[in-house]
Each structure stands twice: as C-alpha cells, then as structure tokens.
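Only heavy atoms go into these numbers, but all of them, side chains included; no hydrogens, no water, no symmetry mates. Quick caveat: nothing in here was measured; it's all calculated off a predicted structure.
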There are 2 protein chains.
Amino acid sequence: MSPRREHRLVFLLTVAQRRLQRWMAAQRQNSSVTATQAGLLFILGQRDGVLMGEAGAALDLGPPGISGLVDRMTAANLIKRRADPDDGRAWRLWLTPAGREAIAQSKAGLVEVNARLTDGFTDAEIDVVARWLTTMQTRFPRGEDE
Amino acid sequence: MSPRREHRLVFLLTVAQRRLQRWMAAQRQNSSVTATQAGLLFILGQRDGVLMGEAGAALDLGPPGISGLVDRMTAANLIKRRADPDDGRAWRLWLTPAGREAIAQSKAGLVEVNARLTDGFTDAEIDVVARWLTTMQTRFPRGEDE
DNA sequence: CCTAGATAGTTCGCATGCGAAATAAATCGA
DNA sequence: TCGATTTATTTCGCATGCGAACTATCTAGG
C-alpha cells in the first residue's frame with residue numbers, strides 16, 4: 001500500500017542474501033564450497049566442457065566474475081581449464097574427480113538450506129517467490145539487454 | 001514439487017541480489033548512494049545520533065561491515081562520527097547537511113526501483129515475497145542467535 | 001592476403017562485507 | 001579498589017564481483 005513498505009524490498013533482498021551467504025559460510029566451515037561455486041559444479045555436472053563465457057552467463061557473472069571464480073576453483077582442484085581446440089581465445093571447463101565428488105557433497109549440503117528456505121511457506125507461496133526472483137533478471141536487465 | 005526446483009532458490013536469490021545491485025550501480029552513475037548507504041541515511045533520518053552498533057544491527061552488518069560503511073560515508077561527507085559523551089568506546093552517527101540532502105535524492109531514486117521490484121505482481125504476492133524475505137532473518141540466524 | 005572490427009579472457013583498482021584478532025573503555029565481583 | 005570479563009569499535013587478510021582497459025585471437029570486407 002504505502003510506498004514505504006515497498007521501499008523496504010530493496011533492503012530486505014540485500015539483507016536476505018547476506019544472511020544466506022553468511023549462514024552457508026558458517027555451515028560450510030572447512031569443507032565444501034560456496035553457493036556460486038556449487039552452481040558452476042552443477043552446470044558442469046550437466047554439461048562438462050562448457051565455455052567460460054557460457055558458464056558466466058548461466059551464473060549471471062560478468063567476465064571478471066567468472067574468471068575469478070574459475071581461478072579459485074582451479075586452485076582448489078575442483079575444475080580444470082583446457083584450451084578450446086577450435087578457438088584459441090576460448091577455454092572450456094571440466095570437472096576434476098574432486099569436483100565430481102564435491103557435487104554430491106554440495107547437493108547434500110543444500111538439503112538443509114532448501115528446507116529452511118521453504119520452511120513455513122506453502123508450495124504456492126514458494127512459487128510466487130521463485131517467480132519473483134526469476135523475473136528479476138528481466139526486470140533489472142544488464143547493460144544493453146533491452 | 002521436485003527438490004530440483006527448490007534447489008534453485010539459493011541461486012535465484014544470489015543472482016537476484018547481484019542483478020539489483022548491478023542495476024542500481026549502473027543507474028547511480030556518478031551521483032547518489034548505494035542501497036546500504038541509503039539504509040543508513042534513512043535510519044539517521046529517523047533517529048539521528050545512533051550508535052554504530054545499533055546501526056549495524058539495523059542493517060544486519062557485523063562490526064567490520066558497519067565500520068567500513070561509516071568510513072566510506074564519512075569520507076563522502078554524508079555522515080559524521082562523534083564520540084559518545086557517556087561511553088568512551090562508542091561513537092554516535094549524525095547526518096551532515098549533504099547527508100540530509102542525499103536522503104531526499106535516495107528516496108527519489110528508489111521510486112523507479114520500487115516500481116520494477118513490484119511490477120507484474122499483485123499486492124498479495126508482494127506481501128508473500130516481503131514476508132519470505134523478512135523471515136529469512138529468523139530462518140537463517142546469525143551465530144548464536146538461537 | 002591484410003587490416004578493421006568483434007569476441008573470449010585476463011588484469012587492475014575498487015567496493016563490500018566477512019571472521020579473527022587487537023585495542024580501549026566500561027563494568028562486575030571479590 | 002583492582003583485576004577479570006565484557007563490550008564497542010578498528011584493523012587485517014580474505015573472498016566476491018564490478019567496470020574499464022588490455023591482450024590475443026578470430027572473422028569479414030576489400
């Protein structure tokens with residue numbers, strides 16, 4: 001109703017994400033992997049050997065973002081970077097055995113998060129939330145997208 | 001339904017927040033202030049002279065977070081830090097005239113963001129979203145809160 | 001062919017915020 | 001009253017990701 005209430009959505013979203021990241025980091029402790037890292041693992045689990053740019057687009061990361069992510073995950077021996085045989089500029093990403101194991105671990109770790117994320121809300125309500133979050137990508141386009 | 005769909009909430013939330021931040025930064029260009037900075041301005045607009053810790057709690061920032069935020073906003077001449085007369089450890093935060101002006105600007109800037117955040121959703125749906133975001137703070141507690 | 005643009009990644013400097021450890025001031029208990 | 005603990009804030013090193021500028025490669029057009 002009042003514009004004041006809607007104002008708060010910006011802050012609510014910011015805070016909610018910070019909470020989630022912090023909570024996941026605390027759970028994670030010395031094992032496993034961040035949410036974004038898990039995202040890349042899941043992508044590679046479905047389509048091993050994607051281009052960095054493709055992965056970045058799927059994760060909504062710009063070039064520096066995906067580049068850094070790949071650096072860190074390569075250093076952690078979760079993925080490997082190999083030159084594309086057909087394009088000297090491009091690199092393709094591949095899971096390492098450790099990365100493949102981390103997928104299973106991450107999926108397990110997400111079970112608790114999922115439970116908390118949906119706790120106290122009906123399926124219909126979660127659908128609304130998911131739709132709202134999904135369409136953020138359309139409603140807040142990047143650069144010259146539209 | 002399928003656990004797969006709920007898995008995605010983690011990523012949807014992460015991406016949504018990144019989108020929003022990026023979009024706001026792009027709009028912001030060379031003027032105005034980030035969402036979190038606006039949050040602090042609004043707090044001071046209602047209760048000038050809060051303790052740093054209080055502000056941090058309201059913004060869901062830990063000590064290093066609020067400390068850095070205050071540093072940057074002090075450097076930008078939006079707020080002032082003054083020692084608490086009754087407690088030598090504590091600092092209270094006050095708006096500068098520039099900060100007071102920035103509040104109005106920020107509120108204006110949020111109008112467009114609000115419109116986009118709620119665009120295409122009914123009031124009832126936005127209520128669900130707001131409730132979901134709000135209760136994240138309960139469902140993902142910090143440290144030893146509970 | 002060869003040059004002009006487009007494209008894939010990287011690097012740099014910055015902003016944000018974290019946890020852990022440090023500092024300084026306040027308070028509590030013997 | 002004085003040492004031990006608690007509390008407010010800062011500092012440090014790190015992770016994440018951005019925009020801008022750069023590098024290297026590819027692709028078109030002449």
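- Looking at every heavy atom in both residues, Ile43(B) comes nearest to Ala58(B) through CD1-CB, 3.6 Å.
- Of the charged side-chain nitrogens involved, none lies within less than 4.0 Å of a carboxylate oxygen, so that Asp119(A) and Arg139(B) do not count as a salt-bridged pair.
- At least one cation-pi condition fails for Arg82(A) and Trp91(A): the charged atom is not both under 6.0 angstrom from the six-membered ring centre and inside a 45 degree cone around its axis.
- Ion pairing of Asp60(B) with Arg142(B) is present here, as a side-chain N (NZ or NE/NH1/NH2) and a carboxylate O approach within less than 4.0 Å.
- Using a cut-off of 4.0 Å between Lys/Arg side-chain N and Asp/Glu carboxylate O, Asp84(A) and Arg89(A) are scored as not salt-bridged.
- No engagement by Glu54(A) is indicated, since no non-hydrogen atom pair under 4.0 Å with the nucleic acid exists.
- With contacts defined as side-chain heavy-atom distances shorter than 4.5 Å, the pair Leu133(A)/Trp132(B) qualifies.
- For the segment residues 56-75 of chain B, the set of residues with a heavy atom within less than 4.0 Å of an atom of DNA chain C comprises Asp60(B), Leu61(B), Gly62(B), Pro64(B), Gly65(B), Arg72(B), in numerical order.
- Ion pair Asp48(A)/Lys80(A) not flagged as a salt bridge, since none of the NZ, NE, NH1 or NH2 atoms sits closer than 4.0 Å to an Asp/Glu carboxylate oxygen.
- Contact footprint of chain B on DNA chain D: nucleotides with an atom under 4.0 Å from a non-hydrogen protein atom, first to last in 5' to 3' order, dT7(D) to dG19(D).
- Donor-acceptor pairing under 3.5 Å is lacking for the side chains of Gln105(B) and Glu101(B).
- At a non-hydrogen distance threshold of 4.0 Å, Arg81(A), Arg89(A), Ala90(A), Trp91(A) from residues 79-94 of chain A come into contact with DNA chain C.
- A salt bridge is defined here as a Lys NZ or Arg NE, NH1 or NH2 lying under 4.0 Å from an Asp or Glu carboxylate O, and Asp87(A) with Arg92(A) fails to meet this definition.
- Nucleic acid contact for Gln37(A): sugar-phosphate only, since backbone atoms but no base atoms lie under 4.0 Å from a heavy atom of the residue.
- Taking every heavy atom of both residues into account, Leu59(B) and Val15(A) meet most closely at O-CG2, 3.9 Å.
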